[in-house]
Amino acid sequence: MGFDLHTHSCRSDGLLTPAALVARALEKKLPGIALTDHDTFAGLSEARAAAAGRGLVVFAGIELTTRDAYNIHILGYFLGKDPAGLAEVLAKLRRKRFQRIEEIVKRLGQHGLSLTLDEVLRPEQKEEGASAGRPHVAQAIVRKGYARDMDEAFAKYLRRGRPGFVPLEAFPPAEGVRLLREAGGAPSVAHPGNYPDDGFIEGLVPLGLAGIETYHPDNGDGTKVRRYAAMAEQWGLAATGGSDFHGHDDQKHAELGTYTTPDEEFTKLERICR
Ligand code: AMP
Ligand code: ZN
Ligand code: FE
Ligand code: FE
């Protein structure tokens with residue numbers, strides 16, 4: 001079994017603490033995971049401490065928010081905690097994330113949903129290092145009975161075109177790739193099957209893109225997987241994979257360890273950037 005290179009903890013919008021995520025990975029006898037919280041490394045030390053001496057590797061990762069006509073996520077691997085040049089950028093993204101949640105709550109209020117910021121974010125989710133996201137709002141919407149589950153909360157209120165949709169401002173994907181490479185990391189385009197158009201990927205190759213996330217629930221298991229595997233092959237990139245496990249019972253993400261990176265692709269990823 002390969003490494004699951006896409007997982008989230010409660011330091012961003014996942015449900016499990018970093019230690020509980022590691023416990024689950026150990027239960028499933030996974031060889032290793034990358035913790036790829038959105039725009040933060042805050043969960044890394046706890047995850048590593050929980051895994052120490054227990055035969056599970058925890059890779060330092062991140063899912064960096066960038067923006068073209070819409071938000072594009074770039075995964076970054078092999079980064080140390082708070083690598084030079086990234087810390088400030090990430091702190092700024094997290095502040096924007098927080099302000100955006102405030103704006104979403106305000107708009108939903110204007111739309112007739114009674115929701116407060118305190119109902120959306122617990123105190124620790126407002127602390128430095130924590131990364132707030134739409135799933136937090138979705139959970140609060142469900143708790144207050146405005147939707148049956150998270151998928152319905154996104155579909156009715158949070159997706160593009162819906163009353164609570166607020167785009168997350170960020171630098172372009174090219175800048176994201178450059179920043180990750182400069183910090184010594186290996187950038188891989190997250191869940192390309194998720195975007196209205198994947199034409200932007202080719203332009204990132206000369207900038208140092210190292211991978212394309214080929215094995216991911218959003219890519220399905222047919223045409224798109226073959227498409228991204230072929231693109232990676234053609235451009236000499238690694239075809240990476242991960243479950244995007246968040247711990248929520250939603251249709252968008254998979255169980256920990258059910259999508260992984262083939263060993264030879266992991267070796268390629270290491271070779272490109274190390
Ligand atoms: P944000 O970064 O705040 O825009 O939120 C993006 C997060 O919301 C990602 O982890 C998405 O996978 C997640 N997301 C999008 N749609 C859904 C959905 N229907 N159910 C659960 N999570 C979702
Ligand atoms: Zn997420
Ligand atoms: Fe993502
Ligand atoms: Fe993710």
Side-chain angles (χ1 to χ4, degrees), residues 1-9 11-16 18-38 41 43-44 47-48 50-52 54-64 73-79 180 185-194 198 201 209-233 235-274:
M1 203 190 311
F3 300 129
D4 184 340
L5 293 187
H6 193 157
T7 72
H8 294 272
S9 79
R11 296 312 185 96
S12 68
D13 55 9
L15 216 52
L16 302 186
L21 179 72
V22 163
R24 192 160 178 133
L26 285 165
E27 241 171 65
K28 294 184 172 294
K29 302 196 167 22
L30 303 185
I33 61 170
L35 179 62
T36 53
D37 273 321
H38 300 275
F41 288 103
L44 184 63
R48 285 203 160 147
R54 306 184 68 184
L56 176 88
V57 198
V58 176
F59 296 103
I62 193 127
E63 186 169 6
L64 185 67
H73 293 169
I74 312 275
L75 295 157
Y77 298 113
F78 310 130
L79 294 149
L180 291 169
S188 182
V189 177
H191 42 64
N194 201 14
D198 59 23
I201 300 174
L209 188 67
I212 300 178
E213 194 179 41
T214 303
Y215 309 99
H216 181 282
D218 280 352
N219 296 344
D221 49 17
T223 319
K224 283 184 175 176
V225 172
R226 286 192 294 276
R227 173 177 173 77
Y228 298 123
M231 280 178 157
E233 173 79 35
W235 296 327
L237 309 180
T240 67
S243 62
D244 211 351
F245 176 73
H246 278 70
H248 301 296
D249 183 21
D250 66 72
Q251 300 302 307
K252 250 195 101 60
H253 309 112
E255 176 55 52
L256 190 63
T258 52
Y259 290 77
T260 56
T261 300
D263 290 341
E264 62 277 18
E265 299 300 324
F266 183 79
T267 308
K268 229 192 252 179
L269 192 67
E270 279 190 309
R271 222 182 27 233
I272 293 171
C273 289
R274 271 187 171 171

Heavy-atom check, side chain of Thr36 versus side chain of Leu5, under 4.5 Å: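 A side-chain contact is absent here, since even the closest heavy-atom pair is not under 4.5 Å.
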
Quick one: does [X]'s side chain have a donor or acceptor within less than 3.5 Å of a partner on [Y]'s backbone?
{"X": "Thr7", "Y": "Asp244", "answer": "no"}
{"X": "His248", "Y": "Asp13", "answer": "yes"}
{"X": "Asn219", "Y": "Gly193", "answer": "yes"}
{"X": "Thr261", "Y": "Gly241", "answer": "yes"}
{"X": "Ser9", "Y": "Pro18", "answer": "no"}

At what distance, to the nearest 0.5 angstrom, does [atom1] of [X] lie from [atom2] of [Y]?
{"X": "Leu35", "Y": "His8", "atom1": "CG", "atom2": "NE2", "value": "8.5 Å"}
{"X": "Thr214", "Y": "Arg227", "atom1": "OG1", "atom2": "CZ", "value": "11.5 Å"}
{"X": "Met231", "Y": "Ile212", "atom1": "CE", "atom2": "CD1", "value": "6.0 Å"}
{"X": "Phe41", "Y": "Leu79", "atom1": "CZ", "atom2": "CG", "value": "4.5 Å"}
{"X": "His253", "Y": "Asp218", "atom1": "NE2", "atom2": "CG", "value": "7.0 Å"}
{"X": "Leu209", "Y": "Cys273", "atom1": "CG", "atom2": "SG", "value": "9.0 Å"}

With ring-ring contact (aromatic ring centres under 6.0 Å, His included) as the test, would you mind laying out the steps for Phe59 and Phe266 before giving the verdict? CA-CA 12 Å; Phe59 296 103; Phe266 183 79; 5.1 Å; yes

Looking only at heavy atoms, which two atoms of [X] and [Y] are closest? And how far apart?
{"X": "Thr240", "Y": "Glu213", "result": "OG1-CA, 3.3 Å"}
{"X": "Tyr77", "Y": "Ser188", "result": "CE1-CB, 4.1 Å"}
{"X": "Leu180", "Y": "Ile74", "result": "CD1-CG2, 3.6 Å"}
{"X": "Ala186", "Y": "Ala210", "result": "CB-CB, 4.0 Å"}
{"X": "Leu56", "Y": "Ala51", "result": "O-CB, 3.7 Å"}
{"X": "Ile272", "Y": "Gly236", "result": "CD1-O, 3.5 Å"}

For a salt bridge (charged side-chain N to carboxylate O under 4.0 Å, His left out) check, start with the C-alpha distance between Lys28 and Asp4, then their side-chain angles and the critical distance, and finish with the verdict. CA-CA 11 Å; Lys28 294 184 172 294; Asp4 184 340; over 6 Å; no

Tell me, with the steps shown, if Leu30 and Thr260 meet side chain to side chain contact (heavy atoms under 4.5 Å, CB included). CA-CA 10 Å; Leu30 303 185; Thr260 56; 5.6 Å; no

Looking at Gln251, I'd like to know if its CD atom is crowded, meaning that more than 12 non-hydrogen atoms belonging to other residues, nucleotides or ligands lie closer than 6.0 Å.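 Counting neighbours around CD of Gln251, 12 or fewer heavy atoms of other residues, nucleotides or ligands fall under 6.0 Å, so no.
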
Reference residue His191; test side chain to side chain contact (heavy atoms under 4.5 Å, CB included); the match among Lys224, His73, Lys252: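 With His191 as partner, side chain to side chain contact (heavy atoms under 4.5 Å, CB included) holds for just one option, His73.
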
Any carboxylate oxygen within less than 4.0 angstrom of a Lys/Arg side-chain nitrogen, looking at Glu27 and Arg24?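 Salt bridge flag = no for Arg24 with Glu27.
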
Let me see the working for Phe245 and Ile33 under side chain to side chain contact (heavy atoms under 4.5 Å, CB included), right down to the final yes or no. CA-CA 11 Å; Phe245 176 73; Ile33 61 170; over 6 Å; no

Taking only residues two or more places apart in sequence, or in another chain, which ones meet Glu264 in a side chain to side chain contact (heavy atoms under 4.5 Å, CB included)?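 Only Pro262 meet the side chain to side chain contact (heavy atoms under 4.5 Å, CB included) criterion with Glu264.
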
